[in-house]
Protein chains: 4
Amino acid sequence: MYHDITPDDKFIKNEKVPGPTKEEIRTLTISKAQIHEEDVVVDIGCGTGGLTLEFAKRAKKVYSIDMNPEAIETTYENLKKHGLEKKVELIKEEGLKALENIENYTILMIGGSGHNLQNIIETGYLKLPITGKILITSIILETATETVYTLKQLGAKPEVVQLNVSRGTILDRGVMMKALNPITLITAKKL
Amino acid sequence: MYHDITPDDKFIKNEKVPGPTKEEIRTLTISKAQIHEEDVVVDIGCGTGGLTLEFAKRAKKVYSIDMNPEAIETTYENLKKHGLEKKVELIKEEGLKALENIENYTILMIGGSGHNLQNIIETGYLKLPITGKILITSIILETATETVYTLKQLGAKPEVVQLNVSRGTILDRGVMMKALNPITLITAKKL
Amino acid sequence: MYHDITPDDKFIKNEKVPGPTKEEIRTLTISKAQIHEEDVVVDIGCGTGGLTLEFAKRAKKVYSIDMNPEAIETTYENLKKHGLEKKVELIKEEGLKALENIENYTILMIGGSGHNLQNIIETGYLKLPITGKILITSIILETATETVYTLKQLGAKPEVVQLNVSRGTILDRGVMMKALNPITLITAKKL
Amino acid sequence: MYHDITPDDKFIKNEKVPGPTKEEIRTLTISKAQIHEEDVVVDIGCGTGGLTLEFAKRAKKVYSIDMNPEAIETTYENLKKHGLEKKVELIKEEGLKALENIENYTILMIGGSGHNLQNIIETGYLKLPITGKILITSIILETATETVYTLKQLGAKPEVVQLNVSRGTILDRGVMMKALNPITLITAKKL
């Protein structure tokens, strides 16, 4: 059972909600997550639901968390549009608090964390099983460095990749390149 | 059946053969190819076999072509190492000529083309079934523009993505970023 | 006499006119031009006047050309704002035609060329004195490859640099990086 | 008096010394420094002397500091080669300590700082006159975030630019792009 990545323009958008995470970033994040059918995913800061949707296609269950009720609503609409709403439990709550009540997940995705990043990583990493994965995407320099620092403190060996993607628009006179904002993707396996 | 992307350091290398295509580029190329189990792939300019290996994991059959006998040998070694050699027919020949003798492929990958790019794209695209895919990766500006031009002439609607990937090395004093060379990925569906 | 680069937000803008060329790109273009006080510059496709202004600060005279009357007007306003309008002759005309009537320039800048790029480069390069410089900025892949091809045909040795610049926005929670569109800068010295 | 940027291949190199800072990065750094003839520059972590040389061409005096005696030697050789050694005082010492003994500088450049970055920035910024400039280049993520944090604590308004530069190699079959490592440039004016 193979799952294609959903194009950006197949998502319902809400201007008060960030996302969806761009196709290329979703592709690389999903690949680094090495999801298998039995995986249970926690997605903190789900926004528009871009990554939640990709996880929902491939994993057993997804918990998607966001403090913004419109993010929860938009994620729900996108899941419904693609017939995946039954695989996902949507939780409108602060990430750390929500995380404390979830057990037995195998993949932890953090796309947004408010001011609690370090605590979320610590709590979330400790609850992961050995070989479980943690993934953080960031458009903020400090999120990247805090994440690496916290993961190193926890004894993990984070991998860091920065992606500068440009997409071409085909015009009569040629291909005009437009840049997407750079994203840093940090991943680690629970050791 | 889910397949992870093979890390760069799991490939046998030969210094006379380019590649393997970097993990992030293989990930995005494979994703854009939307491979399904029944697909038959032609991989022209297979080099070290990085993409051949990813195609072989996911498709029914792969034809891998390279003029360099050492590329054919290295690709074979990498397929063998990962138990995938039976899925792949290796062809040491000029791409265009090899392509003329292959029927019923559904995905055409061009990673290297010598001086025959335009002919290979034309011949290869015309033999694709409707909804078949063509993918070209390029580190050469002219390869990108020639590819787009040729695909437009054929009535296709190419998508162009340029990827600038940097990877972090974790040092005591922090994460040092090192750039991979930029790659342009051009994809089109047979219309 | 040292001249600072004018920040982007010091330019008068017109939404029907592209530009100004971003500060970082103006900086690198001006540096590659190695302008001296006795230089005479032709700037084809002057747009908002970003590069014209930088040339006007440093050279003896600048001819700025654009087919769009609003570009000519906006460039004039920006020169006036910075007290440089006397150094620049503004020409509302097609680039190639304008170029044919200008003699004794030492630097040729092409930021926009309509459909006549190859002819403009050929005509413009041939009229340059030995050690004169030609510079082309491009957001279109084909402009870059055509430029390189044409310059090579003319016996020049073009240098190609591609720039992906991201700028940070300082937020409470950290530095958010935003990408500018990638620019290719091609330069050559008349041999 | 206009000064061109020295090409990378005009520097004497020593494999035990990092640098020279790449031409494009030197260009942008020098531009952001807005050097005038009366400026006095401190360059901490001078390495091969790439930036020292550019400062020496344009400023009244430069203090160049490095703990590595081979860096001091290589910087001296490069200054000598370009006839600029009289403008520069070379100091083989830890950056913070050296800085404490220098008065009346107007530009502070930090290209390397060992483990003392925060102290160097604090001490160095406080000694700058109003409108003096501080510039930091970094290939390490944490250097960028620490720098921004420290400058904000000091009441400065840092500007952050990240540069991904690729250079083309002209081959028969086209222009092959090769990436330089990404650099973050942080600059602030003393308020």
Side-chain angles (χ1 to χ4, degrees), chain A residues 8 18-19 21-25 44-45 47 67-68 94-96 110-121 136-150 160-186, chain C residues 8 18-19 21-25 44-45 47 67-68 94-96 110-121 136-150 160-186:
Chain A
D8 291 357
T21 302
K22 296 285 190 274
E23 180 184 331
E24 294 82 357
I25 309 303
I44 297 181
M67 291 192 70
N68 177 356
E94 195 277 317
L96 184 59
I110 307 173
S113 64
H115 294 288
N116 250 329
L117 179 64
Q118 218 162 322
N119 285 335
I120 289 174
I121 293 172
I136 294 95
T137 54
S138 167
I139 54 168
I140 304 270
L141 294 183
E142 285 76 1
T143 303
T145 52
E146 264 186 55
T147 295
V148 170
Y149 175 81
T150 309
V160 181
V161 177
Q162 193 177 41
L163 302 155
N164 284 273
V165 176
S166 298
R167 289 179 182 166
T169 301
I170 311 282
L171 306 174
D172 276 353
R173 59 192 168 124
V175 183
M176 188 172 61
M177 301 309 294
K178 294 196 178 176
L180 305 182
N181 291 329
I183 299 272
T184 306
L185 171 61
I186 298 137
Chain C
D8 292 356
T21 302
K22 296 285 190 277
E23 180 185 332
E24 293 83 357
I25 309 303
I44 298 181
M67 292 191 71
N68 178 355
E94 196 276 319
L96 184 60
I110 307 173
S113 63
H115 294 285
N116 250 329
L117 179 63
Q118 218 161 321
N119 285 335
I120 290 175
I121 293 172
I136 295 95
T137 54
S138 167
I139 55 168
I140 305 269
L141 295 182
E142 285 77 359
T143 304
T145 53
E146 263 186 56
T147 296
V148 170
Y149 175 81
T150 309
V160 181
V161 178
Q162 192 177 41
L163 303 156
N164 284 272
V165 175
S166 298
R167 289 180 182 167
T169 302
I170 311 282
L171 306 175
D172 277 353
R173 57 189 170 127
V175 183
M176 188 171 64
M177 300 309 294
K178 295 196 178 175
L180 306 182
N181 291 330
I183 299 270
T184 305
L185 172 61
I186 298 137

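First the proteins, then the strands, lettered A, B, ... as listed; each starts at 1.
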From [X] atom [atom1] to [Y] atom [atom2], the distance as rounded to the nearest 0.5 Å:
{"X": "C:N181", "Y": "A:M176", "atom1": "CG", "atom2": "CE", "value": "7.5 Å"}
{"X": "A:M177", "Y": "C:N164", "atom1": "CE", "atom2": "CG", "value": "9.0 Å"}
{"X": "C:L141", "Y": "A:S166", "atom1": "CG", "atom2": "OG", "value": "9.5 Å"}
{"X": "C:T143", "Y": "A:R173", "atom1": "OG1", "atom2": "CZ", "value": "7.0 Å"}

Could you check if a side-chain atom of A:E142 sits within less than 4.5 angstrom of a side-chain atom of C:V175, using non-hydrogen atoms only?
yes

A:L171 portion near chain C, given a 4.5 angstrom heavy-atom threshold:
side chain

